Amino acid sequence: QVQLMESGGGLVQAGGSLKLSCAASGNIASTNAMGWYRRAPGKQRELVARLANGGSTNYADSVKGRVTISRDNAKNTVYLQMNSLKPEDTGVYYCNAETWVGAFIWGRGTQVTVSS
């Protein structure tokens, strides 16, 4: 299967920027989309951004205009560039891969903390 490894999380002040990386390995050809989800304190996991193989993207309304998802196929890495961060962006961010047979694969997560 595909294995995912997130990195790049940390502590940042409100208004700052952060770039998360997700390195993928294994049967990457089995995936048809990559995404980033997050779980904020006291809330359910939610979609942040999704990138389909064809290039179409989806963003949560709360991050639209501040977040960009991209991937480097040569490096088998997907990125999440986050700008103008807000305290409500705080949470554990998970990399996700969707397979052609409908399975969701998850990374272990990386903590993002945005201070006031």
Side-chain angles (χ1 to χ4, degrees):
Q1 65 174 13
V2 176
Q3 295 84 43
L4 306 174
M5 182 66 179
E6 303 97 333
S7 62
L11 176 65
V12 64
Q13 291 184 329
S17 298
L18 208 59
K19 187 174 184 178
L20 307 183
S21 298
C22 175
S25 60
N27 189 16
I28 299 172
S30 68
T31 67
N32 59 19
M34 300 291 293
W36 287 93
Y37 289 71
R38 70 185 180 190
R39 178 176 54 81
K43 295 184 178 181
Q44 294 182 325
R45 184 176 60 190
E46 65 175 350
L47 174 70
V48 178
R50 180 179 181 271
L51 174 63
N53 284 359
S56 62
T57 58
N58 293 292
Y59 295 96
D61 289 341
S62 60
V63 304
K64 194 172 298 182
R66 302 186 295 116
V67 167
T68 302
I69 186 172
S70 62
R71 67 183 297 166
D72 186 333
N73 289 330
K75 296 182 178 180
N76 295 324
T77 301
V78 62
Y79 304 96
L80 187 71
Q81 177 67 53
M82 302 186 291
N83 302 317
S84 301
L85 285 165
K86 305 174 181 179
E88 51 263 44
D89 293 319
T90 293
V92 179
Y93 283 68
Y94 298 91
C95 184
N96 161 263
E98 301 172 28
T99 74
W100 291 102
V101 295
F104 274 30
I105 302 171
W106 300 95
R108 289 174 289 181
T110 184
Q111 176 70 43
V112 172
T113 303
V114 184
S115 62
S116 301

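Here the structure is a predicted model, which is why all the values come from computation and not from measurement.
For the pair Y94 and R108, the tightest heavy-atom approach, listed with the atom from each and the gap, is CE2-O, 3.6 Å. Here the shortest heavy-atom pairing between T31 and N53 reads O-ND2, 2.9 Å. Heavy-atom minimum distance, A52 versus A33: CA-CB, 3.9 Å. Contact between T77 and K75 at its shortest, heavy atoms only, is OG1-O, 2.9 Å. Residues D89 and S84 approach most closely at OD2-O, 4.5 Å, considering heavy atoms. Nearest heavy-atom pair across C95 and M34 is SG-CE, 3.8 Å.
The side-chain heavy atoms of T68 and Y79, taken from C-beta on, include no pair separated by under 4.5 Å. Side-chain contact between V112 and L20 is present, with heavy atoms from C-beta onward closer than 4.5 Å. W36 places none of its side-chain heavy atoms less than 4.5 Å from the side chain of M82. Looking at V63 and E88, their side chains never come closer than 4.5 Å, going by heavy atoms from C-beta outward. The closest side-chain heavy-atom distance from L4 to I105 is below 4.5 Å.
Within the 3.5 Å criterion, the main-chain N or O of N58 finds no donor-acceptor partner in the side chain of R50. T57 places no side-chain N or O within 3.5 Å of a backbone atom of L51 that could act as its donor or acceptor partner.
Atoms OH and CZ, on Y37 and F104 in that order, are 4.5 Å from each other to the nearest 0.5 Å. The structure places CG of N27 at 9.5 Å from CD of Q3, a figure rounded to the nearest 0.5 Å. For the atom pair CG (L80) and OG1 (T110), the distance works out to 11.0 Å, reported to the nearest 0.5 Å. Rounding to the nearest 0.5 angstrom, the gap separating the OG atom in S7 from the NZ atom in K19 is 10.5 Å. A distance of 9.5 Å separates CD in Q81 from OG in S21, rounded to the nearest 0.5 Å. Interatomic distance, L11 CG to Q111 CD, rounded to the nearest 0.5 Å: 9.5 Å.
Remark: K64 engages D61 in a salt bridge, criterion side-chain N to carboxylate O under 4.0 Å. Look at E46 and R38 and you find a salt bridge, because one of the NZ, NE, NH1 or NH2 atoms lies within 4.0 Å of a carboxylate O, short of that distance.
Hydrophobic clustering of Ile, Leu, Val, Met, Phe, Trp and Tyr side chains at less than 4.5 Å, counting indirect connections, unites L85 with Y59. Note on V92: it clusters hydrophobically with L47, by side-chain heavy-atom contacts below 4.5 Å among ILVMFWY residues.
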